[in-house]
Amino acid sequence: MSEAHITDKQGDLQERDALLATLRAAPPPKVAPDIGLPEPGPTAVGRGRYAAVLAAMFGLIGVAVLAGMMVGSVTIPAGTALSILIHWISGGLLLEPDWREAHEIIIVQTRIPRVILAAVVGASLGVAGMVIQAIVRNPLAGPSILGVSSGAATGAVIVMRFGLLFLGAFTLHIAAFVGGLIALTIVFWIARTGGNMTPTRLVLAGIAISAVLSALTSLLVLTSPDPQLAARVLFWTLGGFGSAQWSLLPIPVAALVIGLGTMLVQARRLNLLMAGDESAVALGLDVERFRRAMFVLTAGLTGITVAVSGVIGFVGLIMPHIVRLMVGADHRKALPAVALLGASFTIAADLVARSIIAPLELPVGIVTALVGGPFFIWLLRRDARSLGVTR
Amino acid sequence: MTIQPGTLSLIDVSVEIAGHRLVDAISFDVGPGEMVGLLGPNGAGKSTLLRTIYKVVKPAMGTVLVNGNDVQHQTSAWVAQNVAAVLQDMPADFPLTVRDVVTMGRSAHKALLEPDTAHDRCLIDAALKLQRLEALQDRPFRTLSGGERQRALLARALVQQPSILVLDEPTNHLDIRYQLSLLKFVRELGITVVAALHDLNLAAMFCDRLCLMQGGRMAALGRPDEVLTSERINKVYCVEMVVQRHPSTGKVFLLPA
């Protein structure tokens, strides 16, 4: 290994002094041109690799979207699906329709909103999971540990149980969101009692609230006179994009744009959370306030996704791991990548869910858990092996 | 303009946590470029006192002045631009590379959304090179040895371009060679240093002055040969030590009697 610092050779001393002088130098004036400074090797290589990974992810999402438009009760050929898409995007200006009108209606009214909803939910769960893992400084956390999912399920079950429709067609979604919000408030309040909101207390509060709310949900279902309720609740809580329609999309899309936008602006600070609380403060972050703000942001994003699509497990847990393996843990690079990968994964999972027992549909949460669970186990074992017995 | 060594003043600093007074009315000044060692048995309040300097702990009473400014009236970012701390927290839960960890040190100097500039990369490269970590920069931090980790955290502190460096037990888990090289490096850095140390002999060797703490109070402050007397060590640590002068350096050193 290297001869750290212990060397008295003249050349080394000179080099050391030169390096120290570099470190002591104040930053150059902002207008100074950067010409002449060569790009450091590893960074340039890293950048090329990152661009390649992002390009591959865009390719993946393209394939997933195309397949999402083709597959279903009626199979529509790729060429036709693409033509209809181009025709629709251009507002009818490009391409003369040479396809059946029924196909156009299926694609525009059903499949495109469904693919968009799946993509938005997958991207939201991916970024929410990544940020939550940083907030609680635990790579084994996911969006569901905040108690928001359980709260949303309870809210939805109350609506189903009592047949409430007072808020119109979206009553179920609104109730789920409000349920998530209430659970979030309680978790927040418990975790903050006694001053600091530590990662451990946040996780424990989330687990406790989830357990209580699950019990409440079960109680509501079991005491219901409606024998079908249990099945409907199970189906809803396992998640799905069956309710996708254009009018449902604006809120989850806006939530993703605002949520991901804020996270990207704060990406450098999110990195500091990974250093440990005390180091993060010493590196200039007001950890307490930042963690609180990020907690509310991710919980809100999770609440909205659960409200529109039910509880879809494992996306928010696993996608961040895969992305970190590919592009590293720096949030400035990892957040865009996890949004893309999460979106492709849920579009693909939805495809499987609606085609494997067609014309019936599986809840998409079953597919993500069946694929995600074993993959996660593999990842854990691989991680343990690559780290040896050191941890 | 270049980064100058800073000044630090602790004025009657007391810290209370859950009703316990962990630090009791500590006052001393550290001049530009000076290296001061904090000594004392476990639980004497060394780490807690250091925490008031990098603003993790708010003093119940008293003031901490960094370059003449009360840290409690400054933002965390301002403090981080002036004070860098090398602590025991290890960023080992996530697959951060050594370079990622060192890059964190630039954070306090950056506006939101500001990318790493050529200047930042230049500083990071210099710090990695100084710590002999160039070859390890793309390795995951958590795969490093204890000595390499400590060097990476020191590199992270260097790119903060601090005028004061705070070290909390920096030589823990290091073998004697790394202990010596780390302290020698820090000593020659030319900035102001405050370090909590356990090894009395290393403290005597490298520090200009020592502050000996006991039960949160200051038991002694002064040059190593003034502070490290066998009576005082006996009183504070309850052990018998013989104090001698090193034949070649003239510095004091201690041996169990």
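Sequence lines set the chain letters: A, B, ... in the order given, protein chains first and strands last, and positions in each chain run from 1. Since the structure is predicted, the reported quantities are computational estimates derived from the model, not experimental observations.
The candidate from A:Arg16, A:Gln266, A:His321 with the greatest count of non-hydrogen atom pairs under 4.5 Å with chain B is A:Arg16. Among the candidates B:Leu133, B:Leu153, B:Thr103, B:Asp116, the residue making the largest number of heavy-atom pairs closer than 4.5 Å to chain A is B:Asp116. With chain B as partner, the option from A:Gly328, A:Gly276, A:Pro139 having the largest number of non-hydrogen pairs under 4.5 angstrom is A:Pro139. No other option in B:Val79, B:Val101, B:Leu87 has as many heavy-atom pairs under 4.5 Å with chain A as B:Leu87.
Looking at A:Leu325, neither its backbone nor its side chain comes within 4.5 Å of chain B, counting heavy atoms on both sides. Contact of B:Leu158 with chain A is made through backbone and side chain together, with heavy-atom distances under 4.5 Å. Contact annotation for B:Asp120: neither backbone nor side-chain heavy atoms come within less than 4.5 Å of a heavy atom of chain A. Contacts of A:Ala267 with chain B are absent, with no heavy-atom separation under 4.5 Å from either backbone or side chain. There is no contact between B:Leu180 and chain A, counting heavy-atom distances below 4.5 Å. In this structure, the portion of B:Pro115 lying under 4.5 Å from any heavy atom of chain A is its backbone and not its side chain. Neither the backbone nor the side chain of B:Thr97 comes within contact range of chain A; no heavy atom of the residue lies under 4.5 Å from a heavy atom of that chain. Residue B:Val83 touches chain A through its backbone alone, counting heavy-atom pairs closer than 4.5 Å.
Under a 3.5 Å cut-off, the side chain of A:Arg268 and the backbone N or O of B:Glu114 do form a donor-acceptor pair.
Across A:Ala282 and B:Ala85, no two heavy atoms sit closer than the pair CB-CB, 4.0 Å. In this structure, B:Ala108 and A:Gly284 approach most closely via the heavy-atom pair CB-CA, 4.5 Å.
For the residue pair A:Asp286 / B:Ser76, no side-chain donor-acceptor distance below 3.5 Å is found, with atom types taken as modelled.
Between B:Asp100 atom CG and A:Met274 atom CE the span is 7.0 Å, to the nearest 0.5 Å. For the atom pair B:Leu128 CG and A:Leu19 CG, the distance stands at 10.5 Å (nearest 0.5 Å). Taking CD1 of B:Ile124 as the start and CG of A:Leu23 as the end, the distance is 10.0 Å to the nearest 0.5 Å. Rounding to the nearest 0.5 angstrom, the gap separating the CG atom in B:Leu96 from the CG atom in A:Asn271 is 7.0 Å. Expressed to the nearest 0.5 Å, how far CG of B:Asp168 lies from CD of A:Glu278 amounts to 7.5 Å. Rounded to the nearest 0.5 angstrom, A:Asp277 CG and B:Asp89 CG are separated by 7.5 Å.
In this structure, the side chains of A:Asn138 and B:Asp93 stay at 4.5 Å or more apart for every pair of heavy atoms. Side-chain contact between B:Arg156 and A:Leu283 is present, with at least one heavy-atom pair separated by less than 4.5 Å. By the 4.5 Å heavy-atom criterion applied to side chains, A:Glu15 and B:Lys129 are counted as neighbours.
Scanning residues 44-65 of chain B against chain A with a 4.5 Å heavy-atom cutoff picks out B:Arg51, B:Tyr54, B:Lys55, B:Val56, ordered by number.
Counting non-hydrogen atoms of other residues, nucleotides and ligands closer than 6.0 Å to CZ of A:Phe58 gives a total of 12 or fewer.
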| message | What verdict does the side chain to side chain contact (heavy atoms under 4.5 Å, CB included) test give for A:Asp17 and B:Glu188, after you've listed the backbone C-alpha separation in whole Å, the side-chain angles of each residue and the deciding distance to 0.1 Å? | response | CA-CA 10 Å; A:Asp17 291 344; B:Glu188 291 172 355; over 6 Å; no

